[in-house]
Amino acid sequence: MTGNRSRVALSVEDLRVHYHTERGAIRAVEGVSFDLLAGERLGLVGESGSGKTTTAMALMRLIRPPGRIESGRAQLGDLELLSLSDEQMRQARFAHISLIPQGVMNSLNPVMRVGAQIADTIQAHEQGPGGEKMRARVSDLLSLVELDPDTAQMYPHELSGGMKQRVGMAISVALRPQVIIADEPTSALDVVVQKRVMDTLFRVQGELDAAVILVGHDMGLMAQCVDRLGVMYAGRLVELGPVQQLLEQPLHPYTRLLVSSLPSLDRRGEFRGIPGLPPSLLDPPAGCPFHPRCPEAIDGCTTKIPGLTTVVADDDSARIERRAACHLHTGVTS
Amino acid sequence: MSASLLEARRVRMEFGGGLFERQRLVAVQGASLQLPADRPVVVAIAGESGSGKTTLARLLLGMIPPTSGSILYQGTELKQLDRSGYQVFRRQVQAVFQDPFGVFNPFYRVDHSLELPVSKFFPELTRDQRRERIEEGLRAVGLRAEETLGRYPHQLSGGQRQRIMVTRALLLDPKVIVADEPVSMVDASLRATILESLFRIHRERNISLVYITHDLTTAYQLSHTILIMYRGDVVEVGDVEQVIKAPRHPYTQLLVRSIPLADTKRRWGEDPDGEPAPSQGGAGPETTEQALSIANGTGGCPFADRCPHVMASCQQTNPSLVLTDPGRAAACHLYEEAPALSAEQIATLSHGGTEGT
Amino acid sequence: MPADYLVRRIAVFFIIVWAGATINFFMPRMAPVNPIRERLLQALSFGGAGKTDMEAVVATYEARFGLDQPLWKQYVRYLGDVAQLDFGVSIAYFPSKASDIILRALPWTLGLLTVATLIAFALGTLLGALLAWPKSPAFLHYLSAPLLALSAIPYYLLGLVLVFALGFTLRLFPLGGGFTLGTLPSPTFAFAMDVLYHSIVPGLSIVLSSVGFWALSMRGMMVTVQGEDYVNYAEARGLKSRDVFFRYALRNALLPQTTSLALAMGYVVSGAVLVEVVFAYPGVGTVLYRAIQTFDYFVIYGVVVMVILAIALVTLVLDIVYPLLDPRIAYKR
Amino acid sequence: MNRASLAAMVRNHPQLVAGLAVVFVVVAFGPVGSLFVDTDLSRVGSAPANLTPTVDHLLGTDAAGRDLLAVMVAGTPLTLWVGFVAGVVGLGIGTILGFVAGYFGGWIDTVIRGAADVLMTIPGLLFLVVLATSLHTTVTVNMMALVVASLAWMIPTRTIRSQVLSMREAGYVQVARLSGLGDLEIIARELLPNLLPYLAASFVSAVGAAVLASIGLEALGLGPQNEPTLGMTIYWALYYTSLLRSVWWWWAPPMVIIVLIFVGLFLVSMGLDRIANPRMWKATS
């Protein structure tokens with residue numbers, strides 16, 4: 001696509017993932033749609049069980065039984081990820097869309113040298129780069145994430161958490177994918193290291209011109225890192241918009257409560273928790289899943305599920321479009 | 001000097017150094033802190049992993065004995081308490097831990113965690129009285145008995161489980177609750193609720209809190225005073241408002257700048273007041289083991305290898321805490337002219353006492 | 001490999017041997033009557049010697065072997081003897097030395113056991129790995145039930161059945177022995193084939209009854225490993241499933257399997273001693289059986305020390321090889 | 001238990017149910033059999049020697065004139081008894097040592113762990129041979145059980161120690177301490193309940209190992225010479241070369257019962273393992 005509108009890197013439409021248990025289907029992801037723009041950083045926040053990690057895993061087609069992708073489309077360039085054959089999907093992984101999984105620092109094979117694990121990823125997708133050429137490529141990748149090229153000869157247990165995180169990053173960009181999904185990439189790191197690791201990730205992203213989906217629950221990290229933010233609740237995307245506006249003027253009552261519950265360096269001795277509990281995904285309440293906890297619920301909320309609709313639109317750029325799934329915001333303004 | 005409720009006096013904790021271990025790790029290096037007896041306070045102990053904050057918490061709880069220095073409860077050293085004195089200490093100094101799942105025995109319903117301490121410390125109560133006490137304790141943290149009792153831990157949310165743990169501590173009529181990272185393993189949306197219940201019992205029941213955390217924003221929200229720890233050392237201590245808003249120690253400055261604030265107007269890496277960072281923290285060690293072995297190896301300031309203001313003297317001697325401002329001290333050679341402090345003065349600073357000013 | 005690891009491991013080797021030898025020394029001496037003395041008296045009385053004569057002979061014997069010395073002196077002397085593999089003189093085959101009898105039988109046992117155990121280990125591990133692999137052919141899964149049943153049968157009982165079926169009923173294999181009676185051991189091809197022919201059924205009984213154990217534990221390890229993060233991550237990276245299986249899952253599952261190989265050696269020895277009895281195989285097991293029948297204590301104790309020595313050696317070798325397989329291990333204690 | 005929950009049990013734990021059924025049949029074989037067979041016929045010389053199976057002697061008689069069916073009926077409970085006693089004693093010792101080593105740690109842990117590790121390397125059967133020959137006097141069934149038990153504690157000690165070691169650091173143990181519980185109360189009220197399925201599985205394995213060891217010793221001729229246990233029956237069958245004389249009714253029946261015992265115990269322990277370690281089994285089958 002050309003023109004004023006931003007180019008879309010990945011378009012997700014009506015994604016549904018259910019886990020089939022003896023007690024019924026757990027609707028982990030229920031109709032999630034969003035566009036990821038080229039080169040942008042999109043955040044996905046939500047509490048545990050809100051479906052953010054399941055969404056990420058579904059895009060990588062890594063949902064395991066009893067989980068199943070029930071429906072949806074995920075258009076990445078010419079590829080529709082959800083309808084590829086298993087072998088095609090294997091080839092697409094990390095070549096077109098890559099993942100820094102949660103806890104990547106503990107996901108490296110303990111008995112293989114780090115360099116071999118980077119090389120593995122490359123060899124799985126390309127014919128025959130070997131020997132000296134491969135070694136040079138691994139070295140370059142390690143330098144790219146600010147690690148010494150000699151790190152290739154080390155075993156994971158010889159590296160610190162932050163270094164292993166960087167190795168995960170090097171693997172995720174090894175094949176220059178268009179989209180990188182990073183699932184809580186810094187949650188196990190100390191704040192000081194966290195900042196350094198995120199700085200590296202975004203520098204590398206810029207050099208590759210890739211788009212990033214950052215999955216997490218730390219609103220502070222999101223505020224500092226992403227361009228647009230999606231808020232998930234009970235398997236649904238309830239709000240999506242530019243991060244600054246979303247934080248300053250949240251549209252959805254859940255987002256509003258979430259933002260006001262955050263600690264800041266302005267208020268002391270004041271706590272605003274969200275009352276109530278997230279709903280069961282096995283037997284969600286009728287209507288809007290948030291209505292039992294919503295202070296602004298109106299009549300329709302108990303019966304009708306609100307769809308994600310555009311609240312603030314701009315013809316020029318999808319980057320400033322704001323969407324919310326709430327009966328309080330049905331009309332489009334601009 | 002005012003009477004203290006719970007006090008750590010120059011406590012040092014070393015691990016290892018046994019017959020088969022070559023390396024000793026100094027987890028806490030001569031830390032002093034004090035909770036006053038006359039009024040409830042909230043003291044935060046903040047630092048990254050490996051800073052020694054959890055070890056200090058375990059020392060305060062009497063779960064491990066210090067290598068040197070002493071822990072005192074109501075003026076008496078823990079190891080000198082007699083049986084009944086220890087029972088009083090055990091009941092009155094309680095804890096809430098980080099992992100809200102592991103603290104429940106999976107074999108029992110959650111009731112077990114609540115009934116056990118009550119029947120242990122208040123054997124005179126009848127069944128109904130115990131039940132009443134438990135229900136009242138649950139109400140105090142915003143839980144309803146019918147929604148929580150009789151369930152197994154996995155049937156409750158992380159927030160509910162953590163608040164049950166607060167209830168457990170509450171049931172014993174404690175004077176102090178040591179909360180070791182109580183919200184770091186629960187969802188952001190539930191953190192406020194848990195911190196709120198802690199804060200409420202502090203206000204309503206006059207319970208002092210020791211809040212251990214790596215998160216400066218919640219420390220700021222909850223506490224009156226704060227200790228910043230780095231590799232086993234207390235590097236800065238004092239009133240929370242002063243320490244967070246105008247940190248003196250270069251490490252505290254780095255830490256405050258590293259907070260990702262949920263505020264797009266304040267860029268990450270800037271001081272909260274908008275000043276850009278003088279320089280990034282250098283590539284320091286990233287693991288606990290590395291950090292500790294370095295800290296143990298040299299006699300200099302443990303932060304010297306990452307400090308933007310490093311001087312020759314930093315490599316040679318480890319600075320001790322000096323009074324940089326009224327009510328606040330930092331351990332840094334930048335403030336060499338400031339008056340030195342005794343352990344008692346440091347201890348009173350930790351609860352915002354008047355003697356330090 | 002760090003030197004201190006090697007030193008530590010060799011120290012463990014000596015501790016094992018020392019402990020085994022010590023148990024061997026003290027146990028008969030803690031019994032209410034000294035069984036060795038009893039046995040000597042008994043043997044001599046068959047010879048028709050009078051009571052006083054017998055006491056005299058026993059006293060001479062005791063003096064010669066130092067049995068009249070204080071216990072600690074005997075013990076020190078005994079440890080010295082063990083170090084030289086000297087266990088005294090056989091009572092039943094007087095004046096043969098116990099160590100000679102054992103050393104003659106040892107190669108038979110070690111040969112049969114090592115080969116059979118390694119075959120069982122290799123087969124079982126491969127099978128177990130394949131059982132845990134979702135893409136392995138379906139017929140393999142039907143194999144698991146009979147394998148499990150076989151692993152529940154002690155070696156020697158399976159040996160009995162095999163002798164009866166293959167030897168006695170079908171007459172495909174010899175009923176027992178290590179080689180055809182009447183031939184002389186010689187380094188010829190014909191003799192080697194004869195030994196091989198005689199070892200097939202005893203070997204088969206060991207392989208068949210232990211292959212299930214290996215398969216089962218390997219399958220368990222593979223199932224555990226396949227849930228590990230590094231396997232999931234390898235798959236997420238788009239690696240071919242064959243590579244994920246062999247380079248990530250199998251490699252890691254093999255580590256604990258190798259550790260238990262050392263331990264299993266000990267159990268195999270125990271069971272195989274009885275296999276030899278069933279097959280009248282000319283190994284240590286048969287020597288032990290005969291020694292028990294004739295109360296030949298010095299041979300019994302000698303066998304025990306020799307076997308412990310052999311096993312301690314095997315575990316030592318495995319532990320030295322292990323750090324080559326697992327890069328993390330050199331750092332652990 | 002009503003019919004529906006029994007059906008659910010069979011469906012959810014087929015190995016456990018099948019194993020328990022097999023074990024039950026073997027256990028019941030002795031008492032039920034003695035109602036129909038005169039166990040006095042298991043004594044030496046109570047019948048003509050070397051009879052082939054007939055209506056009077058369904059499994060024939062052996063060279064010493066014992067009715068082999070009576071031997072089976074009398075001997076099966078003896079072998080099970082040896083396994084049971086050795087299992088109880090071995091697991092008992094192992095549990096105590098495992099808890100002491102894992103919970104208290106320090107030098108006592110080093111000693112216990114070292115002793116268990118070294119003894120595990122030494123082949124148990126050979127050790128038992130030394131022990132049994134040293135005892136010298138005529139062995140009884142109970143002595144047999146204790147001899148076997150002397151080597152049945154190492155594996156339970158090791159495994160229970162490592163379980164306790166990991167549980168000791170659990171949050172709920174620290175919480176229990178803050179709730180005023182002493183060490184023994186923590187062991188009894190907090191740790192032990194969680195280990196119950198594990199202890200049950202260990203017990204079954206210990207019984208199996210004890211039966212295996214006792215039969216091995218007996219087959220070498222080191223068992224109770226005057227008792228008709230299954231292992232002694234096999235010993236006599238080997239002693240009189242029954243194999244080469246084609247008298248299958250001598251060695252086959254004890255073997256069938258032994259195999260049934262092992263298969264039964266094996267299935268039970270597999271079933272218990274599935275309960276104790278559900279994660280291990282989830283991925284397949």
Side-chain angles (χ1 to χ4, degrees), chain A residues 45-50 146 159-166 186-199 216-225 233 242-248 254 257-278, chain B residues 42 48-51 142 147 157-160 186-200 203 214-224 240-241 244-245 251 254-269 272 280-281 283-287 289-290 306:
Chain A
V45 287
E47 49 205 276
S48 48
S50 62
E146 291 152 37
L159 306 180
S160 73
M163 289 162 89
K164 281 186 271 192
Q165 201 75 33
R166 286 167 192 272
T186 59
S187 62
L189 299 175
D190 281 325
V191 274
V192 178
V193 180
Q194 173 177 315
K195 175 158 173 13
R196 283 196 252 144
V197 168
M198 291 311 288
D199 286 345
H217 66 259
D218 184 343
M219 278 292 221
L221 194 69
M222 292 297 173
Q224 298 299 336
C225 293
Y233 185 79
V243 66
Q244 188 175 352
Q245 281 131 292
L246 189 139
L247 286 173
E248 285 168 6
Y254 173 68
L257 286 171
L258 190 63
V259 170
S260 73
S261 80
L262 298 172
S264 75
L265 294 186
D266 302 319
R267 289 180 277 121
R268 279 179 59 189
E270 209 186 307
F271 305 89
R272 301 191 200 125
I274 306 178
L277 289 171
Chain B
V42 185
E48 296 175 279
S49 57
S51 63
E147 282 175 355
S157 77
Q160 285 174 313
V186 296
D187 274 313
S189 62
L190 300 171
R191 284 180 189 173
T193 322
I194 293 165
L195 293 174
E196 185 185 10
S197 33
L198 279 171
F199 193 69
R200 203 163 63 205
R203 289 289 276 276
H214 66 273
D215 178 6
L216 291 184
T217 49
T218 55
Y220 178 80
Q221 251 187 320
L222 190 63
S223 59
H224 305 118
V240 73
E241 189 80 44
I244 303 282
K245 288 292 167 68
Y251 174 66
L254 173 65
L255 212 52
V256 172
R257 280 198 305 273
S258 301
I259 306 172
L261 284 171
D263 181 348
T264 47
K265 289 193 205 76
R266 284 172 179 163
R267 291 313 299 173
W268 208 5
Q280 289 293 330
E286 285 178 348
T287 65
E289 295 77 21
Q290 262 177 308
R306 296 166 76 179

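Proteins come first, then strands; the chains are lettered A, B, ... in the order of their sequence lines, and each starts at number 1.
Proximity to chain A is limited to the side chain of B/Val240, based on heavy atoms less than 4.5 angstrom apart. Looking at B/Ser157, only its side chain comes within 4.5 Å of chain A, counting heavy atoms on both sides. At a 4.5 Å heavy-atom cutoff, A/Glu146 makes no contact with chain B through either its backbone or its side chain. In this structure, chain A has a heavy atom under 4.5 Å from the side chain of B/Gln160, while its backbone stays farther away. Contact annotation for A/Met198: only side-chain heavy atoms (C-beta onward) come within less than 4.5 Å of a heavy atom of chain B. For a residue to count as touching a neighbouring chain, one of its non-hydrogen atoms must lie under 4.5 Å from one of that chain's; by this rule B/Arg203 does not touch chain A. Contacts between A/Leu221 and chain B at a heavy-atom distance below 4.5 Å involve backbone atoms as well as side-chain atoms.
For the pair A/Leu265 and B/Thr217, the minimum side-chain heavy-atom distance is below 4.5 Å. For the pair B/Asp263 and A/Leu247, the minimum side-chain heavy-atom distance is 4.5 Å or more. Considering only heavy atoms from C-beta on, B/Lys245 comes within 4.5 Å of B/Tyr220 through its side chain. The shortest side-chain heavy-atom distance between A/Val191 and B/Leu255 falls under the 4.5 Å cut-off.
Scanning all heavy atoms of the two residues, the minimum distance from B/Arg306 to B/Leu254 falls at NH2-CD2, 4.1 Å. The nearest pair of heavy atoms linking A/Met219 to A/Leu262 is CB-CD1, 3.5 Å. B/Ser258 approaches B/Trp268 most closely through the heavy-atom pair O-NE1, 2.6 Å.
The line from CD of B/Glu241 to CZ of A/Arg268 is 5.0 Å long, rounded to the nearest 0.5 Å.
The most heavy-atom pairs under 4.5 Å with chain A, out of B/Pro260, B/Ala192, B/Ser223, B/Gly159, come from B/Pro260. Annotation: maximal heavy-atom pairing with chain B below 4.5 Å, among A/Leu257, A/Val243, A/Leu277, occurs at A/Leu277. When the candidates A/Ser261, A/Pro263, A/Ser187, A/Ala223 are compared by the number of heavy-atom contacts under 4.5 Å with chain B, A/Pro263 comes out ahead. Counting heavy-atom pairs under 4.5 Å between each of A/Gln194, A/Glu47, A/Glu248 and chain B puts A/Glu47 at the top. Chain B forms the most heavy-atom pairs under 4.5 Å with one residue out of A/Leu189, A/Asp266, A/Val259, and that residue is A/Asp266.
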